[in-house]
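Since the model is a prediction, treat every value here as computed from it, not as a measurement. Numbered from 1 within each chain, the chains take letters A, B, ... in sequence-line order.
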Amino acid sequence: MPELPEVETIVRRLQPLVVGSTIEQVEVRKEKSFQGSLDAVVGATMLSVERRAKFIRLQLDNNYNLLVHLKMTGQLIYVSSTTRVGGGHPTADWVDELPSKHTRVIISLSKSAQLFFNDQRIFGWIKVMSDDEVRFIFDQLGPDVIDASVTPDYLYEKLQGRSIAIKQAIMDNSVMSGLGNIYACDALNRAKIHPARPAKSLSKPEVAELLSQSKQVLELGIKLGGATIEHFMHIDGFSGRYQDVTAVYGREGEACYNCGGTISKIKLGGRGTYLCEGCQE
DNA sequence: ACTCTTGTTAAAAC
DNA sequence: GGTTTTAACAAGAG
């Protein structure tokens, strides 16, 4: 499930490969996965690749964009003659022939490169949007967790009057964006805060510590190339490494690194939540 | 056959 | 209006 570090990993690796490339053809294999007119994108050249929250923005040279959201199972795989020949095949087990049965969109680029959008569950999408439409979407979002504008004071104020669980609050994109289930669970454990506590019950120092840990786990996730759990993979099919160092996510029954307690799993807001009852209060 | 999985949003409920 | 809860989306694993 791609969160901020996973999306950032994709963007950083895709950017140098596709900027300057021209979109020659788009094959839509699943209507739901590609929304908007092809007229605005075929023939256009890519100007930049950016991330905002968990969105990927492929900016074109004609005031249009391809906005991509991977949701839970989306993948972007980049293949070109040079990456295939020069880099060899990845060892990851994704190497069923492309396109696979989950390939929903194939974008053919200049220099014989192809960008495959795979998405098992078809929750993800690619939308053709004008610059104004993209700006409108982005303006609705709270700032990225790792953005300098997200300070302890900012977060503390945002949490006042909110009775929802702190875990749900820090995953609320209107508060701040980028944290999903994996990194939210880990940040709360590292900050030793119980995920079910009412958001407004946290003291200012607790908010400061939680925010600090949130930024740290996201930065660590970026450094390790994201977490390959379920479906996430790099654009060349390789895996990230954050899944090997999670604090609590996916570690039910194992020992907490803070206190040695046993990690348990509860349900919060309909979502699986890992925590250590021993040290998270 | 049934439950469980998740990011986001829309709608209903307060 | 703001906040909170619930369901829906889809497909596959167990």
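- Comment: Arg12(A) engages Glu8(A) in a salt bridge, judged by a side-chain N to carboxylate O separation of less than 4.0 angstrom.
- Candidate nucleotides dA11(C), dT5(B), dC9(C) were compared by shortest atom distance to the side chain of Ile122(A), and dA11(C) ranks first.
- Put simply, the side chain of Arg162(A) and the base of dT4(C) share no donor and acceptor less than 3.5 Å apart.
- Taking the six-membered ring for Trp, Tyr183(A) and Tyr242(A) have ring centres closer than 6.0 Å.
- Taking the six-membered ring where tryptophan is involved, the planes of His69(A) and Phe55(A) are perpendicular, since the angle between them exceeds 60° and thus also 30°.
- Residue Gln120(A) has its side chain nearest to dG12(C) when only dT8(B), dG12(C), dT4(C) are considered.
- Remark: side-chain polar atoms of Asn62(A) are paired, donor with acceptor, to backbone N or O of Tyr64(A) under 3.5 angstrom.
- Of all nucleotides listed (dA10(C), dG7(B), dT5(B)), dA10(C) comes nearest to the side chain of Lys32(A).
- In the interface, the side chain of Arg271(A) is paired with the base of dG7(B) through a donor and an acceptor atom under 3.5 Å apart.
- Atoms NZ (Lys200(A)) and P (dT4(C)) sit 8 Å apart, rounded to a whole Å.
- In this structure, CZ of Arg29(A) is placed 19 Å from C1' of dA10(C), rounded to the nearest angstrom.
- In this structure, Asn181(A) places its CG atom 11 Å from P of dT8(B), rounding to the nearest Å.
- Rounded to a whole Å, the NZ atom of Lys71(A) is 19 Å from the P atom of dT5(B).
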